[in-house]
Number of protein chains: 2
Amino acid sequence: MNARRPYRREGEEARRAALIQATLDCIAEGGPQAATVRAIALRAGVTQGLIRHYFATKEELIAAAHESLMSRLTEASAARLDELPADPLARLSGFIANAVTPPVVDPRSMALWAASMQLVPRDPAMRAVHEGTYLAFRDRLEAMIAEALQAAGRQPPPGGTRALAIAGNALLDGLWIEGSLLPEHFAKNEMKSIAIKAFERLLDLELPE
Amino acid sequence: MNARRPYRREGEEARRAALIQATLDCIAEGGPQAATVRAIALRAGVTQGLIRHYFATKEELIAAAHESLMSRLTEASAARLDELPADPLARLSGFIANAVTPPVVDPRSMALWAASMQLVPRDPAMRAVHEGTYLAFRDRLEAMIAEALQAAGRQPPPGGTRALAIAGNALLDGLWIEGSLLPEHFAKNEMKSIAIKAFERLLDLELPE
DNA sequence: GCATAAATTATACGCTTGCATAATTGCCAA
DNA sequence: TTGGCAATTATGCAAGCGTATAATTTATGC
């Protein structure tokens, strides 16, 4: 006569958050195929039936997890913005350094990002999220570039700052990926110094730090 | 009394190649989870049992497919090198343009790349392949940068060309990703022009085209 | 305290998966 | 022409999957 497993009732929000967190952990650790309903439930400390109680389908849970991940990354980035100095040049420099060093550069985030990238081409919802976060980041970068140029008394190049923002964004993306994927190939502060020097040349500007 | 399905005997190499191709098609279309033994066999025009005859396990087939993909990309890149002009500046310019325009920029390649990126952190073999192809591409770029600088009579910046190659590689990677992922966000030749202008500023050099 | 509703566990079902193995067929050598 | 062997098909199996649903326990309001 095995006793039934005892349990505590948690609020809906807490349980949903725990399930989402467990889902992300599973994906980060073993890829999407490791994120089975049973594995997620086990990691969240509940039995598998409970998942159905909060998410009608597994697909729904995956989508919620992705949305949570992306908004968390966006929030983190926005929060950091407030911590940056007010001077436009130092501000841009800090923003760049932030994007290519831990904790933004991180194998786990990279794994999760790669997993969602895979869904973007065929899942419209995922695509919309990616589009939104990409443009938000790029627009933020473009604004900071414009302010930095203005502060230094420089003219934006012919064609405006759009091309600079696209290139700068691509540069940061690429460095983020390689820094996360092959961290031991780069010295301690190499990424930061490479990124800032590249932006200095890109913008024809001297950046602090 | 249904007749048994008729078949033709193919050489081992042809069948292996067909199975690998079918595997890549499946992954590109529906992600790794869509690459089931049955789906691959169906696409290759054989029955599922045959896969076991050529690959001891599905994992082995996946690894072979990944290796094939990567070496094909490397070969394609190397083949293009011969088609580039001899003049170092035009050569670098052509190399850059090539990296950010179709057929290199391509949603299918992007999907396959994302799928393998996911495996890099936990599969040592995948990691080794990624490391090798990344460094090969970067070294090639670094050599072309050095030649272009020399041809223009410029000195490499303090710290040498390593930093420039890392940054340039990251720039191309980032543009490749976004160009493949959100193609309709960029005008016809915008990627090419952005990439070349960015390199011009990065290297303080005028590039043709 | 007790009834009641909701949260959670427990169990089961049908399907798909990767893999094994037996049965057959196409092809080449003699 | 015809054996014989390897390539291929066909069939089956156990495990794991997502989902459905019934049974039970926790908490809450009266």
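Chain naming here is simple, since letters A, B, ... match the order of the sequence lines and numbering starts at 1 in each.
OP1 or OP2 of D/dG16 has not a single side-chain nitrogen or oxygen of A/Thr36 nearer than 4.0 Å. At least one side-chain nitrogen or oxygen of A/Arg15 sits closer than 4.0 Å to the OP1 or OP2 atom of C/dT8.
Atom CD of B/Gln48 and atom P of C/dT16 are 13 Å apart (whole Å). Rounded to whole angstrom, the span from the CZ atom of A/Arg5 across to the P atom of D/dT26 amounts to 12 Å. Rounded to an integer number of Å, the gap from A/Leu42 CG to D/dG18 P is 14 Å.
Taking every side-chain heavy atom of B/Arg9 into account, C/dG26 is the closest of C/dG26, C/dT25, C/dC19. Closest to the side chain of B/Tyr7, out of D/dT19, D/dT9, C/dA10, is D/dT9. Closest contact between the side chain of A/Thr57 and the listed nucleotides C/dC19, D/dT19, D/dT8 involves D/dT19. Of the listed nucleotides (C/dC19, C/dA7, D/dA23), C/dA7 has the atom at the smallest distance from the side chain of A/His53. Nearest to the side chain of A/Arg38, among D/dC17, D/dA7, C/dT9, sits D/dC17. Considering only the side chain of A/Arg4, C/dT9 comes nearest among C/dT9, C/dA20, C/dC27. In this structure, of D/dT19, C/dA20, C/dT8, it is D/dT19 that holds the atom nearest to the side chain of A/Lys58.
When heavy atoms are screened at a 4.0 angstrom cut-off, A/Glu12 is found touching no nucleic acid atom at all. Within the 4.0 angstrom heavy-atom criterion, only backbone atoms of the sugar-phosphate kind lie near A/Tyr54; the bases stay farther away.
Each of A/Gly49 and B/Ala56 lies near DNA chain C, and the nucleotide nearest A/Gly49 is the one positioned closer to the 5' end.
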